[in-house]
Amino acid sequence: MERPSWDAYFIEITHLVAKRSSCLRRRVGAVLVKDRNILATGYNGVPARITHCSETGCLREQLKVPSGERHELCRGLHAEQNAIIQAAKHGTPIDGATLYCTTMPCIICTKMIINAGIRKIVYEEGYADRLAADMVSESGIEVVRYGDLAPGGNE
């Protein structure tokens, strides 16, 4: 019987979480983990009790805003933001946690991650946001692309 590594296990969970996304452009999932325990999850989409973009249409699509630009022109929150918010809402400390995410965080999420005390990011897909990459590097947060991990690593 072959068991997935912890990294593979948590990355796979990000894919399940992303299936809850209500975003029309990209489905993203995030999982906050500490000591191999899931603290909170998040997916991208509109705030609770707000009409989903599937009904209103995507404002960013209507305005032809490229990916990675003008984040304020979106009705939704990012998966990383929602994971951090869920932890705060339920009083779960995330200082020192690892963020597993289907996509590398943008600059807005990166600033939240830094101030939340998250110490490691494991992601699958890159994201074209040079400022985010620069700031996360300067912060000392460990960043690992999941595909670059050694097979069977983090058993």
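Counting from 1, the numbers follow the sequence of the chain as shown.
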Exercise. Which hydrophobic side chains are connected to L59, either touching it within the sub-4.5 Å cutoff or through other members that do?
Worked result: L63, V65, L73
Problem set entry | Residues V136, M104; criterion side-chain contact (heavy atoms from CB on, under 4.5 Å); working and verdict | CA-CA 11 Å; V136 80; M104 180 64 188; 3.9 Å; yes
Exercise. For H71, which residues count as a ring pair (Phe, Tyr, Trp, His ring centres under 6.0 Å) partner, sequence neighbours excluded?
Worked result: H78
For this session: First locate atom CD of Q81, then atom CD1 of I108, and finally report the distance between them rounded to the nearest 0.5 Å.
Result: 6.5 Å
For this session: Please identify each residue that fulfils side-chain contact (heavy atoms from CB on, under 4.5 Å) with A132, with sequence neighbours left out.
Result: I107, T110, D129
Exercise. Does a sphere of radius 6.0 Å around CD in E12 hold more than 12 heavy atoms from other residues, nucleotides or ligands, not counting ones at 6.0 Å or beyond?
Worked result: no
For this session: Specify the closest pair of heavy atoms between T56 and Q62, including all atoms of both residues, with the distance to one decimal.
Result: O-NE2, 3.7 Å
For this session: Could you grab the distance from atom OH of Y9 to atom CD1 of I38, nearest 0.5 Å is fine?
Result: 5.0 Å
Exercise. So how far is it from I84 CD1 to T92 OG1, rounded to the nearest 0.5 Å?
Worked result: 13.0 Å
For this session: Decide yes or no for V122 and K120: does some side-chain heavy atom of the first lie under 4.5 Å from some side-chain heavy atom of the second?
Result: yes
Exercise. Taking a hydrophobic cluster as the set of Ile, Leu, Val, Met, Phe, Trp and Tyr residues connected by side-chain heavy atoms closer than 4.5 Å, whether directly or through intermediates, do M135 and V144 fall within one such cluster?
Worked result: no
For this session: Check the angle between the aromatic planes of F10 and W6 and answer parallel, tilted or perpendicular using the 30° and 60° thresholds.
Result: parallel
Problem set entry | Test log, rule side-chain contact (heavy atoms from CB on, under 4.5 Å), inputs L32 and T41 | CA-CA 6 Å; L32 286 168; T41 65; over 6 Å; no
Exercise. Who passes side chain to side chain donor-acceptor pair (under 3.5 Å) against S67, sequence neighbours left out?
Worked result: R26
Exercise. Do V33 and I85 belong together in a cluster built from hydrophobic side chains that touch within less than 4.5 Å?
Worked result: no
For this session: For the residue pair H15 and E124, establish whether any side-chain heavy-atom pair is separated by less than 4.5 Å.
Result: yes
For this session: Take N44 and L77 through the side-chain contact (heavy atoms from CB on, under 4.5 Å) test and state the conclusion after the steps.
Result: CA-CA 5 Å; N44 57 329; L77 291 136; over 6 Å; no
Exercise. Is the CD atom of E72 crowded by more than 12 outside heavy atoms at less than 6.0 Å?
Worked result: yes
Exercise. In terms of hydrophobic clustering (I, L, V, M, F, W, Y; side-chain heavy atoms under 4.5 Å; direct or indirect links), are V31 and I118 co-clustered?
Worked result: no
Exercise. Do you know which two heavy atoms are closest between P105 and C109, and how far apart they sit?
Worked result: CB-CB, 3.9 Å
For this session: Kindly determine whether Y100 and I13 satisfy side-chain contact (heavy atoms from CB on, under 4.5 Å), including the steps that lead there.
Result: CA-CA 9 Å; Y100 288 86; I13 292 171; over 6 Å; no
For this session: Measure the SG-CZ distance between C53 and R25 for me, rounded to the nearest 0.5 Å.
Result: 10.5 Å
Problem set entry | Heavy-atom side-chain proximity of D95 to R119 below 4.5 angstrom | yes
Problem set entry | Nearest heavy atoms of A40 and A83, plus distance in Å | CB-O, 3.4 Å
Exercise. Taking only residues two or more places apart in sequence or in another chain, which ones pass salt bridge (charged side-chain N to carboxylate O under 4.0 Å, His left out) with R20?
Worked result: none
Exercise. In terms of hydrophobic clusters joined by side-chain contacts under 4.5 Å, are V28 and V143 together?
Worked result: no
Problem set entry | C101 side, atom SG; I11 side, atom CD1 - distance, nearest 0.5 Å | 8.0 Å
For this session: Could you tell me which non-hydrogen atom of R145 sits nearest to which non-hydrogen atom of G126, and how far apart they are?
Result: NH2-N, 3.6 Å
Exercise. Going from NE2 on H52 to CZ on R75, what distance comes out if it is rounded to the nearest 0.5 angstrom?
Worked result: 9.5 Å
Exercise. How close do I94 and A87 get, heavy atom to heavy atom, and via which atoms?
Worked result: CG2-CB, 3.5 Å
Exercise. In terms of hydrophobic clusters joined by side-chain contacts under 4.5 Å, are L99 and Y127 together?
Worked result: yes
Problem set entry | Whichever hydrophobic residues join M1 through chains of side-chain contacts under 4.5 Å | none
